[in-house]
Amino acid sequence: MSPTPSRRLLIPATITAGALALAGCGAFHPEHYPVDGPTLTATANPQEVTADQFGHSWPLTIDHGWVGCELNEDGDPVLNFTDLDGTVYALNALEENRGNADIGELATGSIGPLRTFAFAVCDVDTR
């Protein structure tokens, strides 16, 4: 059975009104979406990092440590984070990181920004 003409008009009007109401509720407010992020350049390996340098993208429960990178014998980057107590956490899942603590123990969100910075640390010439 096909809808009557009055029902055909009612459905699109209801959908349009609902969409407009939702659009008003989800209005973009820039103050809710900070754009700060890492404000540092990799200059050492390992390199000291802080929550202040990463802004809202800092992913750890502690606010300070060192990011390091060593290339394994295959040339793959072994990425790690070392806390103030000297505990080394794996930032990637390579064989050489197996004995290190899991960074998930400290993570409050995505460790992507920290891992990305660790790759930059790999490129620092320490000779």
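It should be emphasised that the depicted structure is a prediction, and the values quoted were computed from it without experimental measurement.
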I want to check something: taking the side chain as every heavy atom from C-beta on, are His64 and Val49 in contact at a cut-off of under 4.5 Å? no
CD on Glu95 to CD on Glu73, rounded to 0.5 Å: 10.5 Å
Could you go through the side-chain contact (heavy atoms from CB on, under 4.5 Å) check for Ile111 and Phe81 one step at a time? CA-CA 11 Å; Ile111 63 162; Phe81 175 84; over 6 Å; no
Any donor-acceptor N/O pair, Asp63 side chain to Thr50 backbone, under 3.5 Å: no
Is Leu91 close to Phe117 at the side-chain level, that is, under 4.5 Å between some pair of heavy atoms? no
Within the 3.5 Å criterion, strictly below it, is a donor on Asn92 or Asn97 matched to an acceptor on the partner's side chain? yes
Student check: side-chain heavy atoms of Leu79 and Val67 closer than 4.5 Å: no
Nearest-0.5 Å distance that lies between atom CG in Asp76 and atom CG in Leu94: 6.0 Å
CG of Asp52 to CG of Leu40: how many Å apart, nearest 0.5 Å? 11.5 Å
Is the number of heavy atoms from other residues, nucleotides or ligands within 6.0 Å of CD (Glu70) greater than 12? no
Rounded to the nearest 0.5 Å, how far apart are CG of Asn80 and CH2 of Trp66? 12.5 Å
Note, Pro77 side chain near Phe119 side chain (heavy atom, < 4.5 Å): yes
Polar side-chain atom of Asp102 near backbone of Glu105 as donor-acceptor pair, under 3.5 Å: no
For side-chain contact (heavy atoms from CB on, under 4.5 Å), just list the numbers for Leu84 and Ile62, CA-CA rounded to whole Å, side-chain angles, deciding distance to a tenth of an Å, and then say yes or no. CA-CA 9 Å; Leu84 296 175; Ile62 61 174; over 6 Å; no
Between CD1 on residue Ile103 and OG1 on residue Thr87, distance to nearest 0.5 Å: 10.5 Å
Minimum heavy-atom separation for Gln53 and Glu48, please, with both atom names. OE1-O, 3.9 Å
Any heavy-atom pair between the side chains of Thr108 and Trp58 that's under 4.5 Å? no
Any side-chain heavy-atom pair of Tyr89 and Asp83 under 4.5 Å: yes
Do Val121 and Leu71 sit in the same hydrophobic cluster, where Ile, Leu, Val, Met, Phe, Trp and Tyr count as joined when their side-chain heavy atoms come under 4.5 Å apart? no
Exam field: side chain Gln47 to backbone Thr43, donor-acceptor pair closer than 3.5 Å: yes
